Structures are given as C-alpha cells and as structure tokens.
Amino acid sequence: MQNKMAEEIEKKEVPEKFKKIVEEIEKMSVLDLSELVKVLEEKFGVSAAPQMVAAGAAPAAAGSEPGEEKTSFNVVLTSAGEKKIEVIKVVRDLTAKGLKEAKDLVDAVATEPQTIKEEVKKEEAEEIKKKFVEAGATVELK
C-alpha cells in the first residue's frame, strides 16, 4: 500500500520553484516533519489541522446584525448528568453514531463541551435540547 502511495506522489509534478524544498522534505523523518509543521504553525500563526466548517456558516455569521434573530444553532452537550446511558441513547438517535462513538462523545463531555449537531433550525435545536434535558443532560444552544 505504501509503495502505491509513494508512486502516486512521485507522479505528481512539482513546480520548479518548490523542487528544492520538496527534495529536502523527502529526506526528513516523520518526527522531523512533525516538528517542522509545529514550527511553521507557530511562525505563521496558522494550523495544519483540518477545519470543519458547515456550508453557509460563514455567510450567516457575517450577515447577522445585532437586531437580527439567530436562525441556526449548534447544539452543545455540556454535561451528561446522572443518567449517562440515557444520554448515550439520545446521542445515538440524533447522530446515527455507533454505541462506542456515542459513549466516547458523552465521556468526552467530562473534559470539555461537545457539539452534537451544527447549524440546525431553532425548532429542531429546541427539540434536541428537550430530549437531552429529559435524559438528564445539560445542553447549550449556540
């Protein structure tokens, strides 16, 4: 599998202005590459982590005036409460996640709030919140 990936990468045409840089990078170990990424992130104030942006999220945020009512919300689970199993069931129902993924998500709430659904309409967000509250969880709509 790695050989096939290496062949695919070698087939890609590297622009002349980047050839020296690419040749140097090819010589680096994975640890060196990881360190290089961190240095570049700090130097230029960027992140190499993939960004998850919902379609339409930026235009909605940019066009929202202080007087406008918000029309879409993110449902954020802030506490699982005492009935964790019930909360896991709600997560599974709403997200179609498997048991392990839903449990991991609910467990992660202990360290930081977890987004369950993004960019949902107000009515749907309220329904989701109601389900979590009935299960004993604490939810915020953002």
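Here the structure is a predicted model, which means the values were calculated and not measured. Scope of the values below: all heavy atoms of this structure, side chains included, with no hydrogens, waters or symmetry mates.
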| Below 4.5 Å, heavy atoms only, C-beta onward: do Val76 and Gln114 meet side chain to side chain? | no
| request: Count the heavy atoms of every other residue, nucleotide or ligand shown that sit under 6.0 Å from CD of Glu134, and state whether that count exceeds 12. | output: yes
| Quick one: CD on Glu35 to CG on Asp32, what's the gap to the nearest 0.5 Å? | 6.5 Å
| Where the side chain of Glu86 meets the backbone of Lys83, is there a donor-acceptor pair that is under 3.5 Å apart? | no
| said: Atom CD1 of residue position Ile85 - does it have more than 12 heavy atoms of other residues, nucleotides or ligands inside 6.0 Å? | reply: no
| request: Using a strict 4.0 Å threshold on nitrogen-to-oxygen distance, state whether Lys19 and Glu16 make a salt bridge. | output: yes
| request: Indicate, with yes or no, if Val30 and Ile25 share a hydrophobic cluster defined by side-chain heavy-atom contacts under 4.5 Å among Ile, Leu, Val, Met, Phe, Trp and Tyr. | output: no
| note | Residues passing the salt bridge (Lys or Arg N to Asp or Glu O under 4.0 Å) test with Asp104, sequence neighbours excluded, are Lys100
| Under 4.5 Å between side-chain heavy atoms, hopping through other hydrophobics if needed: is there a path connecting Ile21 to Leu36? | yes
| remark: Between Glu140 and the options Thr78, Asn74, Thr115, the side chain to side chain contact (heavy atoms under 4.5 Å, CB included) test singles out Thr78
| task | Before giving the answer on side chain to side chain contact (heavy atoms under 4.5 Å, CB included), spell out for Lys122 and Thr71 the whole-Å C-alpha distance, their side-chain angles and the decisive distance to 0.1 Å. | result | CA-CA 6 Å; Lys122 185 176 182 176; Thr71 57; over 6 Å; no
| query | For Ala102 and Lys97, which heavy atoms make the closest approach, and how far apart are they? | reply | N-CB, 4.2 Å
| message | Using the side chain to side chain contact (heavy atoms under 4.5 Å, CB included) criterion, which residues pair with Val133? Sequence neighbours excluded. | response | Lys129
| query | Just checking, any donor-acceptor pair under 3.5 angstrom between side chains of Glu119 and Ser72? | reply | yes
| request: Could you list who else is in Val90's hydrophobic cluster, with ILVMFWY side chains joined at under 4.5 Å, directly or through other members? | output: Phe73, Val75, Leu77, Val87, Ile88, Val91, Leu94, Leu99, Leu105, Val106, Val109, Ile116, Val120, Ile128, Phe132, Val139, Leu141
| field | Side-chain ion pair, Glu123 and Lys121, N-O less than 4.0 Å | value | no
| request: Look at Lys84 together with Asp107 and state whether they make a salt bridge at an N to O cut-off of under 4.0 Å. | output: yes
| Roughly how far, to the nearest 0.5 Å, is NZ of Lys142 from NZ of Lys70? | 9.5 Å
